[in-house]
Amino acid sequence: MNYYFTKTVAGNFQDIIERVTEPLKAEGFGVLTEIDIKATLKKKLDADFYNYKILGACNPTFAYKALQAEDKIGTMLPCNVIVQEKESGKIEVSAVDPAASMQAIENPGLKDIAEQVREKLKRVIDFI
């Protein structure tokens, strides 16, 4: 089982980030954090890197359910979605598969929650 879903699309990097954000909202996710890897590596290490952003997406309803089932689940929240441009105009969008990551936790109460979130994130990637 892969631990992520991915799709490559053509377009402008910033436009694709906006294109990802809309279906996330439609599936009940907000973007809590946006980490610009390229800018961070340049600032901290003076290293050049390609466009790469990590979007920390959270669906409050499912996060609450997961926290009720397992109080340490916050170590695996939010659900990360990455947007990267290794080649100009070819943007890869990937999302974590929560069902795969939850296999490490021995709590059967999380399985159904993870499957529901999995389907939502999969629809986001398929939509792009």
message: If the threshold is 4.0 Å, N to carboxylate O, is there a salt bridge linking R19 and D15?
response: no
message: Applying a strict under-4.5 Å side-chain criterion to I, L, V, M, F, W and Y, I'd like to know whether L121 and V9 cluster together.
response: yes
- prompt: Would you say I82 and L41 are hydrophobically clustered, going by side-chain heavy atoms of ILVMFWY under 4.5 Å?
  reply: yes
- request: Measure the spacing between OH of Y52 and CD1 of I35 and express it to the nearest 0.5 Å.
  value: 10.0 Å
query: So if you build clusters from Ile, Leu, Val, Met, Phe, Trp, Tyr with side-chain heavy-atom gaps below 4.5 Å, do F5 and V83 land together?
result: yes
query: To the nearest 0.5 Å, what is the distance between CD (E92) and CD (E87)?
result: 10.5 Å
Minimum heavy-atom distance between P98 and S101, given as atom pair plus value: O-OG, 3.1 Å
- prompt: Which atoms form the tightest heavy-atom contact between C58 and A63, and what is the distance?
  reply: SG-CB, 3.8 Å
query: Distance from I16 atom CD1 to K90 atom NZ, nearest 0.5 Å?
result: 13.5 Å
message: In the structure I gave you, are the side-chain heavy atoms of N51 and Q84 within less than 4.5 Å of one another anywhere?
response: no
task: Report whether I91 and I17 are members of the same hydrophobic cluster (ILVMFWY, side-chain heavy atoms less than 4.5 Å apart, transitive linking).
output: yes
message: With a 6.0 Å cut-off (strictly less than), is the heavy-atom count around CD of E18, excluding the residue itself, greater than 12?
response: yes
- prompt: Should R123 and E27 count as an ion pair when the cut-off is N to O under 4.0 Å?
  reply: yes
field: F49 atom CZ: more than 12 heavy-atom contacts under 6.0 Å
entry: yes
message: Applying a strict under-4.5 Å side-chain criterion to I, L, V, M, F, W and Y, I'd like to know whether Y4 and M76 cluster together.
response: no
message: Using side-chain contact (heavy atoms from CB on, under 4.5 Å), reason through V81 and V20 one step at a time and then give a plain yes or no.
response: CA-CA 9 Å; V81 176; V20 171; 4.0 Å; yes
message: Between D48 and K42, does any NZ, NE, NH1 or NH2 come within less than 4.0 Å of an OD or OE carboxylate oxygen?
response: yes
message: Between K120 and F29, is there a side-chain heavy-atom distance shorter than 4.5 Å?
response: yes
statement: The reported gap from CZ in F13 to CD in E85 (rounded to nearest 0.5 angstrom) is 6.5 Å
message: Regarding E22 and K25, does a basic nitrogen lie under 4.0 Å from an acidic carboxylate oxygen?
response: yes
- line: Between V124 and P23, the two heavy atoms sitting closest are CG2-O, 3.7 Å
message: How long is the straight-line distance from CG of L24 back to CD1 of I128, given to the nearest 0.5 Å?
response: 7.0 Å
- request: For T6 and V93, run side-chain contact (heavy atoms from CB on, under 4.5 Å): C-alpha distance rounded to whole Å, both residues' side-chain angles, the deciding distance at 0.1 Å, then the answer.
  value: CA-CA 6 Å; T6 193; V93 181; over 6 Å; no
Interatomic spacing from OH in Y3 to OG in S94 - rounded to 0.5 Å: 8.5 Å
field: Y64 atom OH, over 12 foreign heavy atoms within 6.0 Å
entry: no
query: Does any non-hydrogen side-chain atom of I54 lie less than 4.5 Å from one of T33?
result: no
- prompt: Can you find a heavy atom in the side chain of V117 that is under 4.5 Å from one in the side chain of C79?
  reply: yes
- request: Please determine which of I113, N107, L67 meets the side chain to side chain contact (heavy atoms under 4.5 Å, CB included) test together with I73.
  value: L67
task: Please answer whether the main-chain N or O of D126 pairs with a side-chain N or O of K7 as donor and acceptor at a distance below 3.5 Å.
output: yes
task: Would you name the heavy atoms of G56 and N80 that are closest together and state the gap between them?
output: CA-OD1, 3.7 Å
field: By salt bridge (charged side-chain N to carboxylate O under 4.0 Å, His left out) - contacts of E70 (at least two apart)
entry: none
